[in-house]
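We're numbering straight along the sequence, starting at 1. Hydrogens, waters and symmetry mates are skipped; everything else that's a heavy atom, side chains included, is used.
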Amino acid sequence: MAHQTHAYHMVDPSPWPLTGAMGALLMTSGLAIWFHFKSTTLILIGLVVLILTMIQWWRDVIREGTFQGHHTFPVQKGLRYGMVLFITSEVFFFLGFFWAFYHSSLAPTPELVWCGPPTDLIIMNFSQVTLLLTDIMMSSEVTVTGAKQSMMEGERKQAIQSLALTIILGLYFTALQAMEYYEAPFTIADSIYGSTFFVATGFHGLHVIIGSTFLAVCLMRQIQFHFTSDHHFGFEAAAWYWHFVDVVWLFLYVSIYWWGS
C-alpha cells in the first residue's frame, strides 16, 4: 500500500477483459464452424486464448488481493455487490430456459404442436443416473459449506480436505453427465424437448466446470496460505457460485427430469 493513499478500487489497467472477449468470440465462431465444416482449428485457438487469459487474470487478482493490499474492506464490499449482481444475472439466464420448457409443455403454439414430452421419445429416467447426479450435487453442497466453516475457524487442513472433496465431486458430476449425454436416446434436434433439455442441462454442466475451476484455484491459494479467517473473499465468491449451481440443478431435476418425464 506504499503507493496507494486511499482504500478504493483503483487498480492498474488490464488487457484481460479484451483478450477474454476475443477468446470467447473465437470459441463461439469456432463452434459454429465445427458444427458445419468439422474444423476444430478456430475453436482450439479460442480455447487456448481463454485459458491463458484466465491464468493471467487470476494471477493479477491474486497479486492485488494477497500481496499488494488492494482488496481493502471497501473494495471487498464492492466485490460482494458485483458477485451478487453477477449471480442475479445468471438466475435470469437460466430463467429463460425454464420459461421455454414450461411454456412449450403447458401452452404450446400451433406451430410447435407439442404438449409434454413427445410420445416417440424415450425420456430420461429420473430415478437412475440423474438421481445419483442429484446426490453428488447435494453432497458437494455439504462439503463446500464445511470448507467455508473450517476456513472461518482457522482449521486449514480441514478446509483443504473439504475443498478437494468438493472439486472431486464436481469432476465426478461432469463425467457422469458426459456419459448421460453419450447414452441419451434423443438429440438436441429432437423437437423443442430435446433443445430445451440439452441447452438447459448443458449450460448447467458448463457452470459446474467453471465452478470446479474456481474452487481449484481457491484450493491452490489455501495451500499457499493466501486465505485467513477474516480475509477470504475469493473463496467466499466461489462458494456462492457453487450454491447457485446446486440450486439450479435442483430446479432442473424437479422440472425436466421428474415433472418433465
Side-chain angles (χ1 to χ4, degrees), residues 1-27 45-91 93 143-164 166-167 170 206-245:
M1 298 291 288
H3 63 285
Q4 182 169 312
T5 58
H6 55 79
Y8 300 99
H9 204 178
M10 296 290 290
V11 296
D12 296 332
S14 172
W16 310 132
L18 178 60
T19 60
M22 291 172 60
L25 176 61
L26 290 173
M27 275 202 70
I45 293 174
L47 181 61
V48 170
V49 172
L50 272 182
I51 291 175
L52 292 176
T53 298
M54 287 190 297
I55 292 173
Q56 294 174 99
W57 202 342
W58 250 312
R59 177 205 63 191
D60 289 351
V61 172
I62 291 171
R63 286 175 177 174
E64 293 165 4
T66 307
F67 303 112
Q68 296 177 339
H70 290 323
H71 287 187
T72 59
F73 287 109
V75 171
Q76 291 184 51
K77 185 177 180 181
L79 292 175
R80 282 182 168 82
Y81 285 147
M83 194 65 192
V84 169
L85 290 174
F86 170 69
I87 292 177
T88 302
S89 71
E90 293 281 273
V91 169
F93 177 76
T143 55
V144 76
T145 303
K148 181 179 179 180
Q149 188 67 26
S150 299
M151 197 171 295
M152 293 179 64
E153 294 176 356
E155 300 289 343
R156 180 174 172 273
K157 185 177 180 180
Q158 293 181 11
I160 291 175
Q161 293 173 347
S162 298
L163 258 177
T166 306
I167 296 166
L206 176 63
H207 282 68
V208 171
I209 294 173
I210 295 171
S212 300
T213 306
F214 202 171
L215 290 173
V217 173
C218 292
L219 175 60
M220 291 187 290
R221 296 189 64 189
Q222 176 69 3
I223 292 174
Q224 295 176 4
F225 296 91
H226 288 183
F227 295 134
T228 64
S229 58
D230 58 352
H231 191 91
H232 54 266
F233 176 71
F235 168 72
E236 195 173 355
W240 290 356
Y241 189 84
W242 198 257
H243 295 326
F244 163 75
V245 169

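- Atom OG1 in T228 sits 12.0 Å away from atom NE2 in H226 (nearest 0.5 Å).
- H232 has its side chain within reach of M152: a pair of non-hydrogen atoms, C-beta onward, lies under 4.5 Å apart.
- Residues T66 and R221 have side chains in contact (heavy-atom distance under 4.5 Å, counting atoms from C-beta outward).
- Separation of atoms CD (Q161) and CG (L219) is listed at 11.0 Å; rounding is to 0.5 Å.
- Counting all heavy atoms, side chain and backbone alike, G211 lies closest to W242 at C-CZ3, 3.6 Å.
- The aromatic rings of F233 and W240 sit perpendicular, their planes meeting at an angle over 60°, well past the 30° parallel limit.
- Residues W58 and T213 meet the side-chain proximity criterion, which asks for heavy atoms closer than 4.5 Å.
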Might you work through the side-chain contact (heavy atoms from CB on, under 4.5 Å) test for E236 and F227, ending with a clear yes or no?
CA-CA 10 Å; E236 195 173 355; F227 295 134; over 6 Å; no

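- How far CD1 of I167 is from OG of S162: 11.0 Å, rounded to the nearest 0.5 Å.
- Residue Y241 holds its OH atom at 5.0 Å from CZ of F86, rounded to the nearest 0.5 Å.
- The closest side-chain heavy-atom distance from V144 to H243 is below 4.5 Å.
- More than 12 heavy atoms of other residues, nucleotides or ligands lie within 6.0 Å of CE in M54, so this atom counts as buried by the packing criterion.
- Side-chain atoms of S150 do not come within 3.5 Å of backbone N or O of A147 as any donor-acceptor pair.
- Although no hydrogens or angles enter the test, the distance criterion places no donor-acceptor pair under 3.5 Å between the side chain of Q222 and the main chain of I160.
- Atom OG1 of T19 is separated from atom CE of M22 by 7.5 Å, given to the nearest 0.5 angstrom.
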Can V49 and M27 be said to form a side-chain contact (heavy atoms from CB on, under 4.5 Å), step by step?
CA-CA 9 Å; V49 172; M27 275 202 70; over 6 Å; no

Stepwise, does the side-chain contact (heavy atoms from CB on, under 4.5 Å) test hold for F93 with H207?
CA-CA 12 Å; F93 177 76; H207 282 68; 4.2 Å; yes

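- With R80 contributing its side chain and A237 its backbone, the two residues share no donor-acceptor pair below 3.5 Å.
- Between S89 and L85, the closest side-chain pair of non-hydrogen atoms is not below 4.5 Å.
- I55 CD1 to L50 CG: the interatomic distance, rounded to the nearest 0.5 Å, is 11.0 Å.
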